[in-house]
Each structure stands twice: as structure tokens, then as C-alpha cells.
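Report on the following structure.
Each chain gets a letter, A, B and so on, in the order its sequence line appears, and its residues count up from 1.
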Amino acid sequence: MRDILVALSGSPNVGKSTLFNRITGGDVHVANWPGVTLQRAEGRVQHHGITLRIVDLPGTYSLSAQDVGERIAREFIVRERPDVLVIVLDATSLEKSLYFALMALELHHKAVIALNMMDAAEKRGIHVDVDGLASKLGVPVVPVSALKGVGVGALLDRILDVAQGKIRTSPLRVDYDGLEPFIHRIQRLIESKGALSRYPSRWAAIRLLEGDEPLMEELMHQDPDLAREVKALRERAGLELGEDPERIAISSRYSLIDDIVRSTVIQVRLAAPSLAERLDEVMLHPVMGPLVSVLLILLTFFLIFAVNTGFPLNLIFANLGYDELARMIEEFSISGILGSLFDWLSSLITKWLISAGYSGWPVGLISDGIIGSLGTLASFVFLLLIAYVFLGAMQDSGLFPRAAVSLDNLFRKFGLSGRAFFPAVLGMGCSVAAVVSTRAMDDDRERMVAAMASPLIPCQARLLVLLALASAAFADPLKQSALTVSIYLLSFALYLLISKLLNWLVFKVEYAPDLVMELPPYHRPSLRVVWWYARSNTEHFMRKAGMLIFVVGVATWFLLNFGPSGYLTGSKISESYAALLGSLLTPVTSLIGLPDWRYALAFEVGFFAKEGFLITFSSIAGVADPVQAIRIVGITPLKAVSMALAMNYYVPCLATVAALFSELRIGKYVLLTIALEIVLALMLAGAVYWTGVLLLGLS
Amino acid sequence: MDGELLPLTALRPGRRGRIVTISVGRGKARRLMELGLLPGEIVQVTSNSAGPVVLRTKGMTLALGRNVASRIWVEVVQ
Ligand SMILES: Nc1nc2c(ncn2[C@@H]2O[C@H](COP(=O)(O)OP(=O)(O)OP(=O)(O)O)[C@@H](O)[C@H]2O)c(=O)[nH]1
């Protein structure tokens with residue numbers, strides 16, 4: 001593969017030279033730019049076996065070719081057309097460095113933004129919405145600290161992605177207000193005459209309107225008539241708009257910059273040093289620290305689960321005898337509200353379709369298959385969003401990083417460091433997020449072990465299945481709680497034990513990696529930062545799993561409603577393709593006391609998304625309420641426990657498997673994770689079931 | 001006592017030291033330097049008990065596992 005040409009650009013003092021040295025690691029060739037005494041540094045670096053040729057452009061505030069530096073930078077971009085233009089921004093003063101970025105992106109959009117000085121920004125409580133900035137600018141944004149060498153690997157990854165077309169970037173469009181009609185006219189003129197063809201035509205039109213001298217000269221050379229026509233248009237624009245076009249252009253750019261900065265940057269007030277000290281005394285205390293940390297996590301998830309599912313408030317009130325209140329809490333939880341909303345929607349659409357003269361499978365496909373899958377997706381989105389709002393607040397306040405430090409001692413006993421705290425906590429929201437979060441760990445072995453073990457932690461989808469199983473099988477809320485809580489405790493124990501096992505058997509090391517971690521300053525969580533965090537985590541999940549969940553939902557509907565004999569009406573689900581598929585797996589589920597194709601099918605569908613268990617039972621039973629559906633399918637307390645254990649561990653869902661592949665990049669380890677989970681699920685569920693049957697006489 | 005040479009793990013909370021040597025592997029040494037821990041740098045320990053040593057330097061707070069911390073030797077300063 002040929003070398004990739006990368007140009008490094010930015011305003012003066014944004015840390016361009018520091019970044020250049022950091023990337024090239026000293027393999028640098030220094031000369032002068034032709035004809036001037038300005039230094040030109042060029043270096044090479046290998047990344048994933050590909051050679052990047054990196055040219056450091058002069059630092060300039062703009063690209064209007066007014067001074068030597070600007071002329072050189074612009075000429076280089078236009079003539080050499082670098083595969084990727086890296087634009088370095090200073091995160092501590094985005095306003096200042098964005099002007100250059102706008103100019104550069106209008107000229108060349110195969111670009112990556114290096115958001116530099118992130119260390120300094122963090123210290124001062126400045127937060128930048130990285131995803132938001134990327135979507136406003138139309139190119140990837142990578143937070144880096146050139147001084148500390150943080151994020152350079154990720155920057156090189158994105159550079160390759162853009163160079164190889166894996167990430168599509170789009171040209172930045174500034175709204176030039178009153179100038180727009182003139183821009184269009186000039187653009188059409190130069191396009192039709194084929195003038196200034198080495199520049200993007202919109203960019204050239206704007207620059208000509210702004211009175212760019214070198215560009216005008218170039219046009220004069222190519223087509224003097226056209227140049228005069230453009231000059232006349234420029235004067236007309238000035239007269240008609242009553243203002244110098246250049247002024248309008250510049251203020252249009254600044255109003256876009258204002259808009260970008262307002263929506264993506266926030267500076268929070270840091271906690272007073274005395275308060276920070278007192279907090280640290282508790283959070284980092286050898287006994288209080290771990291205790292408070294565990295309490296904080298419990299509290300956080302108490303809030304998340306209560307809002308999302310009603311658990312544990314529903315069970316607490318049910319235990320106290322307030323059944324009515326418990327039911328209300330469940331109904332008004334997010335999953336309760338969304339559940340009834342989509343049931344209502346589905347019956348509404350069914351009625352409407354039937355009254356419009358439709359019948360048979362199209363009605364079922366739309367009202368059950370499609371609306372049902374959208375309902376599943378919508379509930380995932382809300383559950384995750386809310387979980388990440390709470391988790392983001394804990395992270396942003398600086399409390400969670402301290403919790404990781406104070407739990408370091410516990411994790412060390414299992415060959416992990418305090419950093420393993422983050423995947424465990426995020427895993428209670430969603431395993432995909434947990435796996436992705438391991439990226440931040442700097443010890444390779446710890447990163448892999450934590451990624452492989454984190455799917456053991458029950459995610460929210462599994463919590464919903466667990467709650468439904470517990471309520472269907474046990475009338476006594478105390479027993480329902482006992483089952484749910486013990487699964488969580490068991491899962492944390494397994495997270496640690498399996499990590500130890502992997503360290504020992506696969507990686508053959510016993511010592512724990514040393515914790516080296518920067519602790520961000522304490523401050524009151526900022527709503528906007530928390531929202532950015534929640535939105536970006538949810539978006540990552542949607543991108544990985546959104547389409548998958550929808551497609552699999554619809555496919556499951558087909559499998560359940562069609563069989564070798566065609567569309568099935570009535571309750572002939574036992575003749576469906578789904579039943580055939582389910583019966584293939586029945587020999588395995590028999591091992592754990594579930595010798596029924598309906599359970600087997602639930603396990604198959606659950607691989608695609610763990611909520612698939614509930615969807616399967618609802619479809620089989622023909623009722624929306626999953627608890628009732630499970631009761632109709634039939635379950636005993638012992639079978640519920642066996643199923644709860646197996647459901648939790650039998651295999652990470654498909655989206656998590658995909659995340660594991662992209663994080664571990666070693667197929668062998670992904671397969672090992674899956675195999676380990678299958679064995680674990682069969683062993684645990686089998687042990688419980690057969691102990692119950694043989695020793696306790698249960699069924 | 002001023003000038004006394006100690007590993008970071010022996011520096012009590014509230015006390016300050018100037019880093020004299022860092023004896024860890026090359027990779028780890030680079031990581032520490034990236035975080036601003038260089039010989040000559042003055043650090044103040046804010047927490048040092050059973051878990052990681054927490055210290056402040058250049059306005060930021062760092063947590064270091066006890067193993068690395070014990071390999072960073074400092075000269076006690078007032
Ligand atoms: N805190 C912090 N400082 C940085 C970072 N990157 C660069 N600096 C500092 O910012 C200052 C300017 O860095 P340079 O690399 O010289 O900036 P430049 O953009 O090349 O400037 P010109 O040479 O004028 O174009 C130096 O004091 C660097 O140490 C960073 O990531 N974090």
C-alpha cells in the first residue's frame with residue numbers, strides 16, 4: 001500500500017509542534033519551505049503496517065494567503081491534496097482555534113480534528129462535547145494531549161479510517177446569509193468556464209467575494225473576462241447588502257463558531273479545595289472508602305432501576321403489603337409506561353388496519369412484528385439513556401474515579417486493578433458499553449480480561465427478564481427479591497473469579513497491574529455534560545445494536561407465525577418454524593430441566609437481544625404482559641431459578657459479541673468467552689436444578 | 001526531616017517530596033513521565049494508607065498503585 005500523506009495544521013500555539021514530535025517520535029527531516037526561511041518539518045510513522053508521511057504546516061490564524069505562512073499552508077493543501085488534513089484545536093480556547101478549522105474544512109474536508117490540550121481543559125473544568133463537535137464539523141474529532149501523549153493512537157486510527165474511506169467526511173457549509181445568492185452565481189460562472197478548477201468551487205466563490213488577492217490574480221491569468229465579471233459582482237454585492245462582503249463572510253463564520261461553542265463547550269465551577277479535601281478524606285479512607293463507594297453504586301443503581309423498572313421499590317412495597325402501590329410503581333416506571341404505550345399503539349393499528357379491509361398476516365406483521373420490535377428498541381433507548389444520565393453524573397462529579405481507587409485493593413486480589421470497576425458498573429447498564437469501556441485501560445492483559453468477564457454482569461435487559469421470571473414463579477415478593485439480588489451478588493463474584501481464572505489459565509500471570517490514574521477535580525455534575533455522556537453512550541449502542549434488534553425482532557415474528565404449512569392462524573405456534581428451531585436445542589435445555597421447545601426457542605431468540613426471552617414468551621402465549629405469558633407457558637419455582645441462571649450467563653448477546661470482536665481483535669478469545677459462559681450456565685443451572693430434583697424432591 | 005530519601009509509599013499525607021529516581025520498566029516510566037512525574041518534580045501526598053497512594057502535582061491529582069509508588073524515591077522537602 002502506498003504512503004499516506006498527512007498534513008498537520010492549526011493556529012499558532014495550539015500545540016502543533018508538540019503533537020508533530022509526539023506522532024513522529026523524532027524521525028524528522030527539517031528543511032526550509034521553498035523560497036522562504038520558514039522551517040518545514042516532515043516525518044514518518046508506521047501505524048498498523050502503513051507508512052504515514054507527516055508534514056507540519058506553518059501555524060496560521062487563517063488560510064487567506066495574506067502572509068507567507070498562510071500562503072504556504074494553503075498552497076500545500078491545494079496542490080498536494082493531503083490524504084488527511086489534521087486540524088489541531090486548543091480545547092482550552094476553542095473559539096480562537098475554530099476560525100482556522102472553518103477555513104480549512106471549507107477548503108479540504110478529508111480531515112480529522114485533533115482536540116489538543118485536553119489535560120489542561122480537564123484541570124480547569126472545561127468539558128467539550130466531542131461527538132457534538134464532530135457532527136457539527138462533519139469530520140471525526142479525537143481528544144488528545146500532545147504534551148502527555150494521550151490519544152495519539154486513536155488519532156492515528158481515525159487518520160487511517162479517513163484516508164481509507166472507512167469514515168466519510170462531508171464538506172462544511174457555513175451559512176453566508178445575504179452573500180449566498182452571489183456565491184451561487186459566481187460558483188456557476190467559474191464552474192461553467194472551468195476556471196480555478198483546482199479549488200472547490202464554493203470555496204473559490206466565497207474567497208473571490210471576500211477579495212482574495214492571490215486567487216483573483218490566478219483567475220485573471222486564466223480568464224480575464226471572467227475575473228472582471230466576478231469583480232463587478234463583488235461590487236454589486238457590497239452595494240446591495242450595504243456592507244463589505246468580507247465583513248459579512250467573517251461575521252458569518254464567527255456566528256457559526258459562537259453557535260458551535262455554545263452548544264459543545266461548558267466550563268463548570270470546581271469544588272472548593274477544602275470540600276475536595278474533606279471528600280477525599282472519606283472516599284480514599286482505607287475502610288470508609290470502599291464502603292462509601294459500594295453504597296454510592298447501590299444508590300445509583302437503586303435510582304436507575306427504580307425509574308426504569310420499578311425495582312426494587314415495587315418489591316419493597318409488596319413486601320410491606322402495599323400491593324396496590326407496588327403495582328403502580330411498576331406501571332409508571334419507564335419500561336411499564338413504554339410497554340403499555342406500545343400495546344395501545346399495536347391494538348390501535350390492528351383495529352385501523354382491519355377496518356381498512358386488511359386481514360391475515362400483513363396485520364400481524366405490522367401491529368406485532370414491526371410495532372413490537374420498535375417498542376423493544378424504544379425501551380432499550382430509554383433504559384440506557386436514563387442509566388447513563390445517573391452514571392454520567394457520578395463520573396462527571398469525580399466520585400466514581402475515587403471509588404475505583406478505593407476498590408483497587410479488592411480488585412488486586414483477583415489480578416485486576418481499580419480500573420476494572422468501570423466495566424463492572426457500566427455492565428449493569430449494558431454489556432456493550434462495558435466492553436467498549438475497557439478501551440481506556442492501559443494494561444493490555446487487564447483490558448482483555450475485563451472485557452471477557454464483563455458480560456457476566458447482568459445488564460438491564462437481563463434485569464427485565466429476571467424480574468419477569470421471578471414474579472411469574474414466586475408469589476411472595478420476598479422470594480422474588482431474594483432471587484434477583486442473589487443473581488446480582490453471584491454475578492459480581494463471578495466477574496472477579498472468572499477474571500482470576502482467565503489471568504491464571506489463559507494469560508498465566510498472577511500479579512495485578514498497577515493502578516496509574518489521573519483523578520479529575522470534584523465538581524457538581526453539569527446537566528449538559530451528563531447529557532452528552534448519556535447521549536453519546538446510547539448512540540454508540542444504537543449504532544452497534546439498533547438495526548440488529550429491529551431486524552431480529554421482525555424475523556422472530558416471521559418464525560413464530562409461519563411454518564411449513566404457511567401463515568399460521570389461531571394458536572398453532574407449535575407448527576411454526578420457530579418450534580422446529582426450538583426443538584433442535586431442546587436436548588441441551590433438557591440438561592437444566594427445561595425439556596420444552598418453547599424454552600429452547602427463548603434461549604435462541606435471547607442470543608440476539610436478551611429481551612428476546614420476553615418477546616418469545618409473549619408471542620407464544622399471545623398476551624402482552626410477560627409475567628402472565630410466562631405463567632401461561634408454565635414454570636415452576638425451581639425451573640425459574642434454573643432459567644434465571646442460564647439466561648444470565650449462557651452467552652453474551654449478539655451486540656456484545658460484536659463489541660468483543662472489535663475490542664479484543666482476537667477471535668480465539670471471543671470464542672473462549674462464549675464457551676466459558678455456556679459451560680458456566682449449564683453447570684450452575686444444572687447443579688441447582690438437579691439438586692432441587694434429587695435432594696429436595698422439587699420439580 | 002529535610003533531605004531524607006524515602007519511597008513515595010513512606011511519605012505521610014500532607015508531606016511533600018522532590019522526585020529523585022523512578023526505577024520502573026521503560027514503558028511504565030514513560031507513562032509516568034507523561035503524567036508529569038519526572039525527577040526534580042515536587043509532589044504532595046494527599047492520601048497514603050492501604051490502597052493506592054494519591055498525590056498532587058502541577059495542579060492535578062494522581063492515584064498510583066503501591067507497587068509503582070514504592071519505586072519512586074523522593075527527597076523530603078518542607
Ligand atoms: N497542557 C498542555 N500543553 C500543551 C499541549 N500541547 C502543547 N502544549 C504546550 O503548548 C505550547 C505551544 O506548543 P507548540 O507545540 O509549540 O505549539 P505550536 O502550535 O506548534 O505553535 P507554533 O510553533 O507557534 O505553531 C507549549 O508550551 C506546549 O508545551 C497539551 O496537550 N497540553
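Heavy atoms closer than 4.5 Å to chain B are found in the side chain of R22(A), but not in its backbone. Only the side chain of V54(B) comes within contact range of chain A, with heavy atoms under 4.5 Å apart. Neither the backbone nor the side chain of R71(B) comes within less than 4.5 Å of any heavy atom of chain A. With a 4.5 Å cut-off on non-hydrogen atoms, L37(B) does not touch chain A at all.
The closest side-chain donor-acceptor pair between N67(B) and R412(A), if any, does not fall under 3.5 angstrom.
For N503(A) (side chain) and F414(A) (main-chain N/O), a donor-acceptor pair under 3.5 Å exists by modelled atom type. Although no hydrogens or angles enter the test, the distance criterion places no donor-acceptor pair under 3.5 Å between the side chain of T21(B) and the main chain of S23(B). The closest donor-acceptor contact from the side chain of E446(A) to the backbone of M441(A) lies at 3.5 Å or more, if one exists at all.
Of the listed residues (L407(A), D514(A), L515(A), L147(A)), the greatest number of heavy-atom pairs within a distance under 4.5 Å of chain B belongs to D514(A). Comparing A69(B), P52(B), S47(B) by how many heavy-atom pairs each has under 4.5 Å with chain A, the most go to P52(B). If you tally non-hydrogen atom pairs under 4.5 Å between each of L284(A), D119(A), D408(A) and chain B, the highest count goes to L284(A). When each of K148(A), E281(A), H285(A), M517(A) is checked for heavy-atom pairs under 4.5 Å with chain B, K148(A) comes out on top.
When the options N116(A), D56(A), D90(A) are evaluated for a side-chain hydrogen bond (donor to acceptor under 3.5 Å, both in side chains) with K16(A), the one that passes is D56(A).
Between E663(A) and R439(A) there is a salt bridge, with a side-chain nitrogen of the basic residue lying less than 4.0 Å from a carboxylate oxygen of the acidic one.
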